[in-house]
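A short worksheet on the structure shown next.
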Number of protein chains: 2
Amino acid sequence: MDTNAAEDFFKNSSNFLLNVAVDNVIFGYHEKELKVLLQQPFALDKWTVTGGYIQKTESIAEAAARVAHMRTGLTGLFLEQFQSFGNPQRVKDNGFTAKHIAEVTGYDIPENSWIFDYFVSIAFYTLTEFSKVKITKSEFEAECQWWPVSELPLMMFDHELIIKEALKALRLHIAHYPIGYELLEEKFTLPEIHNLYETILAKPLDDRNFTKKLLATGIITKLNEKRQISGHRPPYLYKFNKEKYDEGLKSGVELVF
Amino acid sequence: MDTNAAEDFFKNSSNFLLNVAVDNVIFGYHEKELKVLLQQPFALDKWTVTGGYIQKTESIAEAAARVAHMRTGLTGLFLEQFQSFGNPQRVKDNGFTAKHIAEVTGYDIPENSWIFDYFVSIAFYTLTEFSKVKITKSEFEAECQWWPVSELPLMMFDHELIIKEALKALRLHIAHYPIGYELLEEKFTLPEIHNLYETILAKPLDDRNFTKKLLATGIITKLNEKRQISGHRPPYLYKFNKEKYDEGLKSGVELVF
DNA sequence: CAAATAGTGTCTTTTAGACATTATTAA
DNA sequence: TTAATAATGTCTAAAAGACACTATTTG
C-alpha cells in the first residue's frame, strides 16, 4: 500500500464492515513465561492487541484467522471467541486522533475518518508456538512484539481489560479441554508440561497429583527417549496422543487442578 | 412512528451502528416448561429471537437491556452475553427482502436498505419471570409470543442456532452459579426448584441428592410455612438467601448434577 | 559423593452416586 | 384407608488432596 492507497483507506471503508472489528489476544509460551503479542499503532506511545477489520465477504472467525495469519505467518490456529466489547467510549484515546497520527506518521487522515467511529470488538484468543511465529507488522504499526502478561506496557483503549478477560477465559478453558499442543514442541517432558500449566494458571501444582491426573486422561504418551540435560537425572520425553487429544477438544476432558 | 418515519428508518440508519446488532434469547419458565420469547418480523412466516440495533450513544449491554425492556417491560434483567455470530450469509433469507416485506406490510423499503446488510449479532440470554412479562411488540412485528424451546417454530436466519447456543451457555452457567431468583416466585417449594433444574438441564435429578447439594450451598432458606395444596402432604416453602445468592453470582457456586 | 532435578506411591478426606422408606394431608 | 406427593439417611465407590522418599545423571 503506498501513501495514497493508505490515505484512501482512511477515507473509505468500502471493503470492510463498519462499527465492528476483531481483536486477537495471541498468547505464546516461552521460558516459563506466558507472553502476549502486542503492537504499537502509528508509533503512538500505547500498545494494543493485534486486530483488524472484517471484510464484507468473510465471517468473523475468518477475519480473526486472516488477521492472526498476517501478524504471525501461522495458519490453522485454534482461535477461540470469548467475548465482545462495545461502548461509545472504548476507542476514545487522547493519543488516537487524526491530528496526532498525522504528526507522527505524516498521513493525512480526515478528522471524521471511519477508523475513529464507535467499534464493537469481537475478541478471540489463541495459543501459538512462540518460536515458530514470524512477526510481521503492518505498515500502520511501529512495533509488534511479545510482552509477558505479567508486565504489560501502557495499553490503549480497553485492551488491558481484553487481555484480562482473555486470560480468565483461557483459565476456564484449561479446566475442561486439553491444551499444550500448540505451545510445546512435538516431544516434551513432564516437567515442561507441568510448568506450562503452572504458568497459565499462575499457581503451583503438586507434581505427583499433576502427573497422575494428566496420565489418567491418556492424552500424552511416554516415549522411550530422554531429553539430554546435563548435571542431573534426564527426564523422559512424551508426545501428545493426537487422537485422544482431538477427542478431548470435542467432548471435553476434566482436568481440574 | 408513523409510516413516513418508519420508511425513513429503513433509508437512514444515522442513530444506529451499522453491521452490528444485539439479539436477546429471553427464557421464561412456566408449568415445567422452558420457553423462549420469539417474534415474527413483518408478518413473514418465520420467527426470530428478540433483538435490535445499537444506538451510537449506548454500550452493547445497554442496547440489550433497552431492547429487552421494550419487549417485556422488565428492567434490571440479568443479561448474559454468550457469543457473537457473524458471517456474510447469516441474514440472507428468501423471505427477508425489500420486495417481500413491501408486499406484506406496504412499507416502501429501498432494496439496498442498511437493514439487509451483513450484520454481526452480539447475542445475550436472560431468564425472566414468565408471569410478570408484559409482551409488547414493535410495529415491525406481527406477533411476539412464548414458544417452548422443545417445539420451536420455523426460525429465520441462524436464530435456531443462536437459541441452541444460548441453551448450551445456560446449562454451563447453571453448574457454576446460582439460578432461579428471576424464575421462581419469592416463596417456592423444593419440588418447584427441583423441577426448574430438571427442566433447564432436560434430565431427571435424584431428589435426595438434589436437595442435599442445594441445601449445602446455603442459597435457600426453609420457612416455617407450607404451600396449601390439597390431596397430599403439603410442601414447605423456601426463599433465597439473597446474600449468599449474590455472593454465589460473584464468586461462583459449584452445583454439578 | 555432592548437587540437581526426575520420578513415583500411600493414606486420608471429601464428594458423588445409588438407592427405599416413612410422613402428611384431603377425600 | 387410600391416593398422592413430600421428606429424608445410609452405604459405597471414586476422586481430590496432602505428603516424602528414592532414582539418575554429571562433575
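Here is the naming used below: chain letters follow the sequence lines, and residue numbers restart at 1 for every chain. The basis for the numbers below is simple: all heavy atoms, side chains too, and nothing from hydrogens, waters or symmetry mates.
- In this entry the distance linking CZ of Arg227(B) with P of dA7(D) reads 11 Å, nearest Å.
- The residues Glu160(B) and Lys164(B) are annotated as salt-bridged, a charged nitrogen and a carboxylate oxygen being separated by less than 4.0 angstrom.
- One axis for each end of the helix from dC1(C)-dG27(D) to dA27(C)-dT1(D), each built from five base pairs, and the angle between them comes to 20° at 10° resolution.
- Every pair passing side chain to side chain donor-acceptor pair (under 3.5 Å) that includes a residue from residues 247-257 of chain B is listed here, sequence neighbours excluded: His176(B)-Glu254(B).
- Residues Leu201(B) and Arg171(B) meet the side-chain proximity criterion, which asks for heavy atoms closer than 4.5 Å.
- Atom CD of Glu192(B) and atom P of dT5(D) are 14 Å apart (whole Å).
- Between the CD1 atom of Ile193(A) and the P atom of dT5(C) there is a distance of 20 Å, given to the nearest Å.
- Residues from residues 250-257 of chain B lying near DNA chain D, meaning a heavy-atom separation below 4.0 Å, are absent.
- Gln39(B) is linked by a side chain to side chain contact (heavy atoms under 4.5 Å, CB included) to Thr48(B), Thr50(B), Arg71(B), Glu141(B), Cys144(B), counting only residues two or more places apart in sequence or in another chain.
- Between the side chain of Lys132(B) and the main chain of Leu74(B), no donor-acceptor pair closer than 3.5 Å is present.
- Residues forming a ring-ring contact (aromatic ring centres under 6.0 Å, His included) with His173(B) (at least two apart in sequence, or on another chain): Phe78(B), Tyr177(B).
- Of all the residues in residues 208-216 of chain B, Arg208(B), Lys212(B) reach under 4.0 Å from DNA chain D with at least one non-hydrogen atom.
- Between the CG atom of Asp207(B) and the P atom of dT21(C) there is a distance of 15 Å, given to the nearest Å.
- Partners of Lys222(A) by salt bridge (charged side-chain N to carboxylate O under 4.0 Å, His left out), not counting sequence neighbours: none found.
- Close to dT8(C), at under 4.0 Å from its OP1 or OP2, lies a side-chain N or O of Lys222(A).
- Around OH of Tyr197(A), the count of heavy atoms belonging to other residues, nucleotides or ligands within 6.0 Å exceeds 12.
- Under the side chain to side chain contact (heavy atoms under 4.5 Å, CB included) criterion, Gln83(B) pairs with Gln81(A), Phe85(B), Glu165(B), sequence neighbours left out.
- Using cut-offs of 30° and 60° on the angle between ring planes, the pair Phe130(A) and Trp146(A) is tilted.
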Would you list the atom pairs, donor with acceptor, under 3.5 Å between side chains in residues 20-31 of chain A and any protein atom, with sequence neighbours excluded?
residue	atom	partner	partner atom	Å
Asp23(A)	OD2	Ser121(A)	OG	2.7
Asn24(A)	ND2	Ala64(A)	O	3.0
Tyr29(A)	OH	Leu196(A)	N	3.4

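- What separates CG of Leu205(A) from C1' of dT8(C) is a distance of 17 Å, to the nearest Å.
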Kindly give the atom pairs (protein nitrogen or oxygen, nucleotide nitrogen or oxygen) under 3.5 Å for nucleotides 24-27 of chain D.
residue	atom	partner	partner atom	Å
dT24(D)	O4'	Arg233(A)	NE	3.4
dT24(D)	O2	Arg233(A)	N	3.0
dT25(D)	OP1	Lys226(A)	NZ	3.4
dT26(D)	O4'	Gly231(A)	N	3.3

Going by atom type alone, with no hydrogens or angles, which donor-acceptor pairs under 3.5 Å involve a side-chain atom of residues 181-188 of chain A and a protein atom two or more places apart or on another chain?
residue	atom	partner	partner atom	Å
Lys187(A)	NZ	Glu225(A)	OE1	3.3
Lys187(A)	NZ	Glu225(A)	OE2	2.9

Show me the donor-acceptor pairs within less than 3.5 Å that the side chains of residues 204-220 of chain B make with the rest of the protein, sequence neighbours left out.
residue	atom	partner	partner atom	Å
Asp206(B)	OD1	Arg208(B)	N	3.0
Asp206(B)	OD1	Asn209(B)	N	2.9
Asp206(B)	OD2	Arg208(B)	NH2	3.0
Asn209(B)	OD1	Lys212(B)	NZ	3.2
Thr211(B)	OG1	Asp207(B)	O	2.7
Lys213(B)	NZ	Val256(B)	O	2.4
Thr217(B)	OG1	Leu214(B)	O	2.6
Thr217(B)	OG1	Ile219(B)	N	3.2

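- dT12(C) atom P lies 17 Å from atom CG of Asp206(A), rounded to whole Å.
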